[in-house]
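Numbers restart at 1 for each chain; the letters A, B, ... are given by sequence-line order, proteins then strands.
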There are 2 protein chains.
Amino acid sequence: MGAETPTPGRPRTFDEQTVLDRAAEVFWQQGYEGASLSSLTKAMGINRPSLYAAFGSKEELFKRAFDRYHETNLANARAALEQPTAYAAIEAFLRASADNLTAGGHPAGCLSIQGGLACSPENARISEILAAGRAATEAALEARLSRAAKEGDLPDGLDSRALARFVMALSEGHAVHAAAGASREDLQASVDVAMRAVAALHPGSAPAASA
Amino acid sequence: MGAETPTPGRPRTFDEQTVLDRAAEVFWQQGYEGASLSSLTKAMGINRPSLYAAFGSKEELFKRAFDRYHETNLANARAALEQPTAYAAIEAFLRASADNLTAGGHPAGCLSIQGGLACSPENARISEILAAGRAATEAALEARLSRAAKEGDLPDGLDSRALARFVMALSEGHAVHAAAGASREDLQASVDVAMRAVAALHPGSAPAASA
DNA sequence: TCACTTCTGTACCGAGCGGTATAGTCGAGG
DNA sequence: CCTCGACTATACCGCTCGGTACAGAAGTGA
């Protein structure tokens, strides 16, 4: 919205999106509760009053940073769902996730999980926000697979909701591995196993992979 | 070790294992950094000096609580690996994990993950300890599957290390789901999908499950 | 040039953190 | 029974937390 206001007073010396990216990286690496205001402001290159004037509170800053993370870092995973078949969509989703989780230029793993799976009661909202983000991704996955089911692109009797949860869980597990230092190759090998199994499950829609 | 010392002074009024269980639950629910000394001592029913006399520091308390957690709460998952076939071992492992993650009597999910995937730099040791615990479980899984490979109990060309990582990742993903409130049935449905896929992958060693 | 508005930087706030000194309490051995 | 030693409880330590008051700086419009 009003991002084009005619600037009544002194303009900011920092770009909002840029400092949000820096903040996201700190939350990503240290978790919400581990990320202190000092480390955040240091990484963002601004001081506390600027931070509070721009974002209001640590929690609001986190929400904004997480939203931006979702927009940017998960775009290719969402795009993967547009593959023509369910099999291709699942593989593209898992491959893109594995690449994201181990890509350079940002911390390993996934902010949605490292940000704070378990928090103290006063920060319980953070866990809920992260869980809602993951649930949205899983819902998108399920919607895609549900469409596949209607198109006859899924093995009979396979529940699209359970399949979406399976794929999402695998991806989340890869995030846990990545946070602990697993390499891209490690994760892709796991995806190889998963896709070989899914291919066996539904030979019709998979590329030829006979043993 | 010396649990049978002849009691030189005044005896403790609390049982060490019992208070470790309480401490584990707090860490489990709130994470290492979210768990304050106040909430820990309250849950354990002892005061700070007793805690420090018995365990030395918050970090040592965590290590002890985590060790005990490993002994008790993961016993059935380890036992699952003793199943006669690789297929049965994987299924038993995933089923036991899903049950553990959603069982009553303790917080949902898994301390190995909720305890602190990402911590501030000064608590980086905690993440490492948890990662080592998960790696040990994965190593046990891999050892079992490696044995299966030698016994011809694994499809040709299937890497036991990658398969172990796949199974472990799925289980960790289920833990993430459980932490966010997924039910036992939700997780078991995901296991159903996984086992159906693994069965298709290796029909020989799976129970008949034709659609 | 000058008011006006918004930003920046320093210095600070109360609260809670992890950890401890100290004094009192209580059970066992001589 | 009394001394000893390890326990418990209160009250406190320095420090860092998230958050803010205030004064000075700096662009804009008249």
### Query
For A:V167, does its backbone N or O pair with a side-chain atom of A:S171 as donor and acceptor, under 3.5 Å?
no
### Query
Parallel, tilted or perpendicular: which describes the rings of B:H70 and B:F66, with under 30° parallel and over 60° perpendicular?
tilted
### Message
If I take atom CG in residue A:L51 and atom C1' in nucleotide D:dG18, what distance separates them, rounded to the nearest angstrom?
### Response
11 Å
### d(CZ, A:R10; P, C:dC7) in whole Å
9 Å
### Message
Can you build the contact string for nucleotides 10-23 of chain C? Use B for base contact, S for sugar-phosphate-only contact, and - for no protein heavy atom under 4.0 Å.
### Response
B------SBBBB--
### d(CE, B:M44; P, D:dC7) in whole Å
14 Å
### Spacing of B:L154 atom CG and B:D159 atom CG [to the nearest 0.5 Å]
9.0 Å
### Task
Taking the six-membered ring of B:F55 (Phe, Tyr or Trp), confirm whether the NZ or CZ of B:K63 is under 6.0 Å from its centre and within 45° of its axis.
no
### Task
Calculate the interatomic distance between A:F14 atom CZ and C:dG9 atom C1'; express it in whole Å.
14 Å
### Message
Is the phosphate of D:dC7 approached by B:S50 (side-chain N or O, under 4.0 Å from OP1 or OP2)?
### Response
no
#### Entry: Whole-Å distance separating the CG atom of A:D15 from the C1' atom of C:dC7
16 Å
### Query
A:K42 has an atom NZ; how far is it from atom P of D:dC17, in whole Å?
12 Å
### Task
Kindly state each residue pair satisfying salt bridge (charged side-chain N to carboxylate O under 4.0 Å, His left out) with at least one member in residues 29-53 of chain A, sequence neighbours excluded.
none
#### Entry: B:E16: partners by salt bridge (charged side-chain N to carboxylate O under 4.0 Å, His left out), with sequence neighbours left out
B:R12, B:R64
